[in-house]
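Report on one structure; see the data block that follows.
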Amino acid sequence: MRSPLRNFPTGHSSELRRDLVSGDWVVVATGRAKRPGAFKQFESETPAPTEGCPFEDPQAAGNSDPLLVYDVEGRVLGAHDYGDWFVQVVANKFPAFGNGQCDETHEVGPYTVLDGVGSHEVVITRDHERHWGCLAQREACAVMKAYHERYVHLLQVSCVRYVSIFHNHGRAAGASVWHPHSQIIAIPVIPPDVGRSLDGSRRYWSENKICVHCAMMAWEVEDKRRIVFENEHAIAFCPFVSRTAFEVRVFPKRHEPFFERSSDAELADTAEALRQALGQIAQKLNAPAYNFFIHTAPSTAAADYAHYHWHIEILPKTQIWAGFELGTGIEISTISPETAAAYLRGEVGDGDEPNGV
């Protein structure tokens, strides 16, 4: 029998929740809680014009020929015959990582420096104004398929230890170009945030003999209050320990540490869950800026990652870190994930009292 979740008794101005993976605390500040509608952007970002856009016609704008190109059905198009392209992957003209010597380190005073060896690619969709949440299912599948194919290819590149797939939407999320695009960066190290996620899931597995992400999903399916969308192979929910208001995580249901080992059906359902969650965020919050990224176990590392579970994390730009967050590393959310999920599902309105779920 599950233990009931308290709806913040009168007199309690906040509740601290501890993340199962990181062990970090997050504050749900009910005493400062806002109604769901207060998180709407007062004015959505105005799309940049197509004139001068480097991704409207990528090759005419000086980008290289595509490394991969699909039509809207996800069919591969020819190297020089891609007039009907829907998604294409090109090398970034200004890469953060590029050619160099593998593991070439040198010392600078007390510091160690490693050459930035790897690659940097851009995944571009055709329509200038239709972001991920506006895609049709077949279009979302084509983009997810492109992520997957390039990921598998980059795993074979020498020096690469991790491949990061991420998407920035809006200036506040770091997008320098309005036209919808994702990025894939292959790097020679395992990123610190991914490393902490791997370490936390390994620790939970060692102590409980179960995948921490599977445990979270099982609780979400039982409790139901934080679920945003669910289909046969995937689930999207506002995590119990949300780092920011309206954070959503998307998981394939089957336990699988490695993104590249997912089946076509799992990738399709994960793409649907992602676009549904992003579509609800855009509709309910007036199209805020957001970031999403894939966290996966690194196949390139000689380690056992059976404890991990790959997933996607969505972080809308709904709040700004201030002194307390910066000084302590403890995030404060002024809406509970239970209320946020109910709002995204359309079960509570803009002006409803917070934390009443």
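Index from 1, following the sequence.
V228 and F292 fall within a single hydrophobic cluster, where Ile, Leu, Val, Met, Phe, Trp and Tyr side chains are chained together by heavy-atom contacts under 4.5 Å. When hydrophobic clusters are built by joining Ile, Leu, Val, Met, Phe, Trp and Tyr residues whose side-chain heavy atoms come closer than 4.5 Å, directly or via intermediates, Y151 is grouped together with L267. If you chain together hydrophobic residues whose side chains sit under 4.5 Å apart, V212 and W205 never meet in one group. Cluster membership for W85 and V143, using ILVMFWY side-chain heavy atoms within less than 4.5 angstrom, is not shared. In the hydrophobic cluster analysis, where Ile, Leu, Val, Met, Phe, Trp and Tyr join through side-chain heavy atoms closer than 4.5 angstrom, F166 is grouped together with V189.
Around atom CG of N208, more than 12 heavy atoms belonging to other residues, nucleotides or ligands sit under 6.0 Å away. Within a 6.0 Å radius of CG in D84, no more than 12 heavy atoms belonging to other residues, nucleotides or ligands are found. R254 CZ: more than 12 foreign heavy atoms inside a 6.0 Å radius.
Cation-pi geometry between K145 and Y70 is satisfied (NZ or CZ under 6.0 Å from the ring centre, within 45° of the ring normal).
Remark: E220 engages R226 in a salt bridge, criterion side-chain N to carboxylate O under 4.0 Å. The pair E247-R249 meets the salt-bridge criterion, since a charged nitrogen lies less than 4.0 angstrom from a carboxylate oxygen. With respect to R345 and E230, no salt bridge is recorded, no charged nitrogen being found less than 4.0 Å from a carboxylate O. Between D199 and R202, at least one side-chain nitrogen of the basic residue sits less than 4.0 Å from a carboxylate oxygen of the acidic one, meeting the salt-bridge criterion. Taking 4.0 Å as the cut-off between side-chain N and carboxylate O, E266 and K253 do not count as a salt-bridged pair. Salt-bridge check for E73 with R75: failed, with every basic side-chain N at 4.0 Å or more from each acidic carboxylate O.
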Criterion side-chain contact (heavy atoms from CB on, under 4.5 Å) on V90 and E121, from CA distance to verdict
CA-CA 6 Å; V90 300; E121 301 177 357; over 6 Å; no
Applying ring-ring contact (aromatic ring centres under 6.0 Å, His included), run through H167 and F293 and close with a yes or a no.
CA-CA 6 Å; H167 185 99; F293 48 85; over 10 Å; no
Derivation of the side-chain contact (heavy atoms from CB on, under 4.5 Å) call for V76 and V69:
CA-CA 6 Å; V76 177; V69 59; 5.6 Å; no
E15 vs R17, salt bridge (charged side-chain N to carboxylate O under 4.0 Å, His left out): CA-CA, chis, key distance, verdict:
CA-CA 6 Å; E15 180 172 273; R17 299 183 179 187; 3.0 Å; yes
side-chain contact (heavy atoms from CB on, under 4.5 Å) evaluation trace for V26 with D19:
CA-CA 8 Å; V26 168; D19 188 90; 5.9 Å; no
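The main-chain N or O of G23 is found under 3.5 Å from a side-chain atom of R18 such that the two form a donor-acceptor pair. For T125 (side chain) and D127 (main-chain N/O), no donor-acceptor pair under 3.5 Å exists by modelled atom type. Side chain of N291 to main chain of N168: no donor-acceptor pair is present (N/O by atom type, distance under 3.5 Å, no hydrogens or angles). When atom types are taken as modelled, the side chain of E56 and the backbone of R126 share no donor-acceptor pair closer than 3.5 angstrom. Looking only at distances, no side-chain donor or acceptor of Y290 sits under 3.5 Å from a matching main-chain atom of K317. Side-chain atoms of D115 never come within 3.5 Å of backbone atoms of V117 as a donor-acceptor pair (strictly under, hydrogens ignored). Here the side chain of R275 pairs a donor or acceptor atom with the backbone of L135 at under 3.5 angstrom.
Counted by atom type alone, T296 and Y308 present zero donor-acceptor pairs between their side chains at under 3.5 Å. When only modelled atom types and interatomic distance are considered, N231 and E272 share a side-chain donor-acceptor pair under 3.5 Å. One side chain, H307 or S201, offers a donor N or O that lies under 3.5 Å from an acceptor on the other. Side chain to side chain, Q88 and Q59 meet the donor-acceptor criterion of an N or O pair below 3.5 Å. When only modelled atom types and interatomic distance are considered, H120 and Q183 share a side-chain donor-acceptor pair under 3.5 Å. For the residue pair H128/H179, the side-chain donor-acceptor check at 3.5 Å is satisfied.
Ring geometry, H169 versus W178: the interplanar angle falls from 30° to 60°, so the pair is classed tilted. Taking the six-membered ring where tryptophan is involved, the planes of F259 and W310 are perpendicular, since the angle between them exceeds 60° and thus also 30°.
For E313, the salt bridge (charged side-chain N to carboxylate O under 4.0 Å, His left out) partners at least two apart in sequence or on another chain are R243. For R203, there are no salt bridge (charged side-chain N to carboxylate O under 4.0 Å, His left out) partners, not counting sequence neighbours.
Among pairs with a residue in residues 93-108, none fulfils salt bridge (charged side-chain N to carboxylate O under 4.0 Å, His left out), at least two apart in sequence or across chains.
Looking at S182 and W132, their side chains come closer than 4.5 Å, going by heavy atoms from C-beta outward.
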